[in-house]
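Accompanying notes for the structure given below.
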Amino acid sequence: MTALVDACRHFATHVRLLADQLGAAELSDDDVERVHNAVHQVFTAAGLAAALATGLQRHAGEQDCPHYNVLTDAEWAPLAEGGGRERKAVYGCELQPGHPGGHAAHVQMLPGPDRFVWIRWDVRARELVTLPPCPAERADPHPDPRSPYGDEPTPCLLFEGHVGPHRY
């Protein structure tokens with residue numbers, strides 16, 4: 001952890017010095033594209049480091065928790081084999097805004113009984129876990145004929161034992 005913090009501070013110092021020089025330089029379109037790509041790589045790497053350490057926040061509507069996280073390539077690799085979902089760039093917390101405790105986002109559905117993989121995190125830790133689905137169901141008085149559930153009750157989309165209200 002100390003090495004990462006030191007590297008970030010060292011890098012930030014160098015980028016500030018180079019930015020001063022960059023501001024005085026005439027850039028071609030190719031130079032602008034190269035700088036854009038390099039800066040994008042830096043933001044992606046810094047975002048990953050921050051997400052791994054504490055998670056991240058975004059602007060979100062009143063009905064959404066603003067916290068989100070990302071997966072490393074190493075975390076995604078075993079989930080991609082036989083999984084049903086594509087990898088997302090970010091995984092937003094699916095619990096109600098202002099909820100107590102850690103955050104959670106559904107990551108993947110795998111074959112088998114323990115198939116719902118979630119990422120859970122707070123400022124101290126993060127983990128990928130398989131959790132059973134919440135058993136709650138909601139009967140819809142006006143079912144949508146296009147719904148994959150038809151006339152069946154709609155299941156809660158969260159995991160068993162989640163905090164806060166159900167999410168349908």
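Heavy atoms only: backbone and side chains are in, while hydrogens, waters and symmetry mates are out.
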(Q) List the residues meeting ring-ring contact (aromatic ring centres under 6.0 Å, His included) with Y91, not counting sequence neighbours, and say none if there are none. (A)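 With neighbours one apart ignored, the set is empty.
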Q: Return the set of residues passing ring-ring contact (aromatic ring centres under 6.0 Å, His included) with H103 (not counting sequence neighbours), or none when no residue passes.
A: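 Per chain and number, H103 pairs via ring-ring contact (aromatic ring centres under 6.0 Å, His included) with H67, H99, W121.
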Q | Sidechain N-carboxylate O distance under 4.0 Å for R34, D29 | A |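 Salt bridge: no.
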Q) Should the pair E75-R126 be classified as a salt bridge under the 4.0 Å nitrogen-to-oxygen rule? A)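 Looking at E75 and R126, the cut-off is met.
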Minimum heavy-atom distance [X]-[Y], with the two atoms named:
| X | Y | result |
| --- | --- | --- |
| G102 | L95 | O-CD1, 3.7 Å |
| P78 | A74 | CD-O, 3.2 Å |
| G92 | A105 | O-CB, 3.2 Å |
| F116 | M109 | CE2-SD, 3.4 Å |

Q | Shared hydrophobic cluster, L158 / V163 (ILVMFWY, side-chain heavy atoms < 4.5 Å) | A |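 Cluster IDs for L158 and V163 match.
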**Q.** Within one Ile-Leu-Val-Met-Phe-Trp-Tyr cluster: F159 and Y168, side-chain cutoff 4.5 Å
**A.**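 No, no single cluster joins them.
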Do [X] and [Y] have side chains that approach each other closer than 4.5 Å (heavy atoms only, starting at C-beta)?
| X | Y | result |
| --- | --- | --- |
| P132 | E160 | yes |
| Q108 | W118 | no |
| H106 | L157 | no |
| I119 | V70 | no |
| H162 | L131 | no |

Q.
Please check this pair: side chain of D64 against backbone of P66, looking for a donor-acceptor N/O pair closer than 3.5 Å.
A.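 Checking the backbone N and O of P66 against the side chain of D64, no donor-acceptor pair under 3.5 Å is found.
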